[in-house]
There are 2 protein chains.
Amino acid sequence: MPGLTAVDEDDVSSAPRDGAPTADGADRPPAPGTAVPEAPAVPEATVARLPQYLRALSALAEAGSRTVSSEALAEAAGVGSAKLRKDLSHLGSYGTRGVGYDVEQLHRHIADRLGQAASWRVVIVGVGNLGHALAGYSGFASRGFTVVGLFDDDPAVIGRVVGGLRVRPLEEFGEVVGEPGSAIAVLAVPARHAQAVCDRLVAAGTRSVLNFAPTVLRVPDGVDVRKVDLASELQILAFHAQRRAAAPAHRPSAAGPRGATGAPAGPLLPHALHRVEEVV
Amino acid sequence: MPGLTAVDEDDVSSAPRDGAPTADGADRPPAPGTAVPEAPAVPEATVARLPQYLRALSALAEAGSRTVSSEALAEAAGVGSAKLRKDLSHLGSYGTRGVGYDVEQLHRHIADRLGQAASWRVVIVGVGNLGHALAGYSGFASRGFTVVGLFDDDPAVIGRVVGGLRVRPLEEFGEVVGEPGSAIAVLAVPARHAQAVCDRLVAAGTRSVLNFAPTVLRVPDGVDVRKVDLASELQILAFHAQRRAAAPAHRPSAAGPRGATGAPAGPLLPHALHRVEEVV
DNA sequence: AAGCGTTTGTGAACGCGCGCACAAAGTCGC
DNA sequence: GCGACTTTGTGCGCGCGTTCACAAACGCTT
Ligand SMILES: NC(=O)c1ccc[n+]([C@@H]2O[C@H](COP(=O)([O-])OP(=O)(O)OC[C@H]3O[C@@H](n4cnc5c(N)ncnc54)[C@H](O)[C@@H]3O)[C@@H](O)[C@H]2O)c1
Ligand SMILES: NC(=O)c1ccc[n+]([C@@H]2O[C@H](COP(=O)([O-])OP(=O)(O)OC[C@H]3O[C@@H](n4cnc5c(N)ncnc54)[C@H](O)[C@@H]3O)[C@@H](O)[C@H]2O)c1
């Protein structure tokens, strides 16, 4: 959404520009020159896709590719090539026409933009069923995140060591979180406590929250909240499944069988389906 | 009416919806034959919010409310009231002017639209760190889902009982999944195996997949895939956090991302922040 | 150096979703 | 029974995001 008024956002990112002799020092597109410093403002939709591009680039680099075309990278990331090029254009021009993008250089650049130059500190609050799984997840490190604290308020859980970290009481939160905005909090407490816990985290300086509890969190301006609601995801899938079931095969004959991937090409949904409700 | 600023959750993450849109996506206008009665075509953005409305309605019903105004329900769901009314209008008119909506009736109606009349069958594939947490999660049942099967291929895991269900080998998948499209599969296997496992599930009749593995899944038309990528969520938060850090005290009014509170909101952002990279 | 094929970057059209504002429709008070 | 008030439902304008299509830019070959 339009929410963020990206303020300046100049290319101040320390401009490491290591060895890469980009030759063209003239790719400073929006030369402000006059008037307001304005904001290149990367669109939200683009930001949401950058992680996918980064993942695809990591895979390509590991596979030995040195350059990729927008077509190939888009394929790997599961998007259209035009969309990918436009997305990258918001970050600046880092491709070479006629060749493509330098895998390593583009990876570095996107990682910089995502703040992944150094590892972000992550704290997990609520080490229950879900929090335990998250604490033991090894996939965060490779994406630029380091879990530096686990918190709970259950005496039976406090003190246990999970994933190499000791579970602490919430009172010690302030000691671990550090500077305001320097850590991301993952909320994995029961829904009825989520708001209260969130308030404490914000009071302690938290500016970024990933919420797993199925509740609407109220936070002051300046705090960023993203939610992951598994039940909602299932319900959205259920909605589509139900619609699919209600609308049987249309165009019985003329249906163009544009196969996607090696898989059964046969038309599905032979007849109406029914769901059962008993448990096995 | 002009009192409070529109409450408005972030919710930017609406359906990236990669892959191929279902063939029947939106071929409504040029109705070739006779006028088809069905398919008012609920917008995707609306579908993604229906679960939130349903949750809010459940809470209201439990609190004893018999009716709600669009304003109150929107507040509870964390959206704007105009948006909510427009969303509901896509489902048909079920409100009473001058009064509001009947809580129980609206809940029933939305639940019907989401196919929640009966409990959907859910199978979890990959009972590791994450799959274990999901299998033991009690929050699915109240949202209309019943876990009916757990699958893995690790002999050390097969046979174990988790959440009252025995973990089965993938070979038995076909016996449990039932009619094509009648169950939703939750993928919680390592990324490098996700595609292969997904192919097997689809071949066995699965039409809805919720993917936790950080990979792009290729599926044939007619199969609906939604992904939950925790690392990406963190990276998006990191992007905003970094931008916030780069933009010091500016205009707090329009700056922050999606404020929710309609009142005081004492934004601080005292000074620039820095991240540290060493682990504790 | 010039031509040729390739690929990027982007201008422009298009469609979707959002929020405003208001008339219609209903309730409540008298 | 009637007027005033409340709240829904929606028409409309607008901005964001996606897609198409193409000229400019680049490497490679001759
Ligand atoms: N488990 C899942 O697979 C799953 C799936 C989707 C959503 N969720 C949501 O994630 C959240 C956690 O789920 P769970 O299954 O891990 O629940 P859980 O009950 O197993 O764990 C919750 C943990 O939070 C701790 N806690 C409670 N109040 C606290 C407080 N005030 N401060 C600090 N810690 C506190 C508890 O001690 C417990 O350890 C819930 O909101 C749930 O709805 C879980
Ligand atoms: N644990 C988390 O908190 C977390 C967070 C984000 C994403 N993920 C993703 O979720 C997935 C699972 O994560 P995890 O931590 O549970 O991993 P895990 O290794 O703990 O569990 C994976 C399970 O899948 C099983 N498996 C492997 N190959 C299989 C196959 N071919 N068929 C059936 N089962 C198979 C394994 O036996 C194991 O039990 C991974 O893709 C991971 O990236 C996990």
Side-chain angles (χ1 to χ4, degrees), chain A residues 1-6 22-24 26-30 39-50 66-75 77-102 105-106, chain B residues 1-21 25-29 40-50 66-75 77-102 105-106 258:
Chain A
M1 282 177 357
L4 1 180
T5 317
T22 356
D24 69 310
D27 65 338
R28 291 289 114 83
V42 182
E44 265 303 306
T46 295
V47 174
R49 282 186 293 268
L50 292 183
R66 292 206 44 81
T67 62
V68 254
S69 66
S70 64
E71 192 87 30
L73 182 54
E75 167 79 9
V79 302
S81 62
K83 194 186 293 190
L84 176 124
R85 286 198 301 275
K86 178 143 290 190
D87 282 343
L88 294 184
S89 76
H90 291 297
L91 308 184
S93 296
Y94 287 86
T96 305
R97 300 176 184 226
V99 176
Y101 301 89
D102 183 284
Q105 178 187 356
L106 184 57
Chain B
M1 100 302 262
L4 52 159
T5 325
V7 258
D8 184 338
E9 262 287 66
D10 79 329
D11 196 22
V12 175
S13 60
S14 60
R17 206 83 298 198
D18 53 7
D27 45 346
R28 206 35 52 191
V42 182
E44 265 304 306
T46 295
V47 173
R49 282 185 294 267
L50 292 182
R66 293 206 44 81
T67 61
V68 252
S69 66
S70 63
E71 191 88 29
L73 182 54
E75 166 80 6
V79 302
S81 62
K83 195 188 294 191
L84 175 125
R85 287 199 299 276
K86 180 148 293 187
D87 282 343
L88 294 183
S89 76
H90 290 298
L91 309 183
S93 298
Y94 288 85
T96 305
R97 298 174 185 227
V99 177
Y101 300 89
D102 182 283
Q105 178 188 357
L106 184 58
R258 243 38 354 208

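So that the names make sense, note that chain A is the first sequence line, chain B the second, and so on, each numbered from 1.
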- Taking the side chain as every heavy atom from C-beta outward, state whether A/V68 and A/L106 have any atom pair closer than 4.5 Å.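 Counting from C-beta outward, A/V68 and A/L106 never come under 4.5 Å.
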Identify the pairs formed between an N or O of the protein and an N or O of nucleotides 22-24 of chain D at a distance under 3.5 Å, and give each distance.
from, atom 1, to, atom 2, distance (Å)
D/dA24, N3, A/R97, NH1, 3.0

- Item | Exercise: identify the closest heavy-atom pair between A/K86 and A/S89 | O-OG, 2.6 Å
- Task: Search all heavy atoms of A/H90 against all heavy atoms of A/V42 and return the closest pair with its distance.
- Result: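 Looks like O-CG2, 4.2 Å.
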- Task: Just jot down the side chain to side chain donor-acceptor pair (under 3.5 Å) partners of B/T46, sequence neighbours excluded, or say none.
- Result: B/D87
- Residues which pass side chain to side chain donor-acceptor pair (under 3.5 Å) with A/E75, listed by chain and number, not counting sequence neighbours: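 A/E75 satisfies side chain to side chain donor-acceptor pair (under 3.5 Å) with B/R218 once adjacent residues are dropped.
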Between [X] ([atom1]) and [N] ([atom2]), how many Å, whole number?
X	N	atom1	atom2	value
B/L73	D/dG9	CG	P	12 Å
B/E44	C/dG17	CD	P	8 Å
B/H90	D/dT10	NE2	P	9 Å
A/D87	D/dC16	CG	P	15 Å
B/D102	C/dT27	CG	P	13 Å
A/L106	C/dT7	CG	P	16 Å
A/L91	C/dT8	CG	P	15 Å
A/E71	D/dA21	CD	P	14 Å

- Item | Of the listed nucleotides C/dT10, D/dG9, D/dT8, the one nearest the side chain of B/S69 | D/dT8
For [N], does OP1 or OP2 lie under 4.0 Å from any side-chain N or O of [X]?
X	N	result
A/Y101	D/dC26	no
B/S70	D/dT8	yes
B/S93	D/dG9	yes
B/K83	C/dG19	yes

- Message: So, using side-chain contact (heavy atoms from CB on, under 4.5 Å) as the criterion, who are the partners of A/S81 when residues are at least two apart?
- Response: A/S70, A/E71, A/A74, A/R85
- Message: Using a distance-only criterion (donor-acceptor N/O pair, under 3.5 Å, no hydrogens), is the base of D/dT19 paired with the side chain of A/K86?
- Response: yes
- Measure the OG1-OH distance between B/T67 and B/Y101 for me, rounded to the nearest 0.5 Å.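 Separation between the atoms: 12.0 Å.
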Polar atoms only, N or O, under 3.5 Å: list the protein pairs with nucleotides 28-30 of chain C and their distances.
none

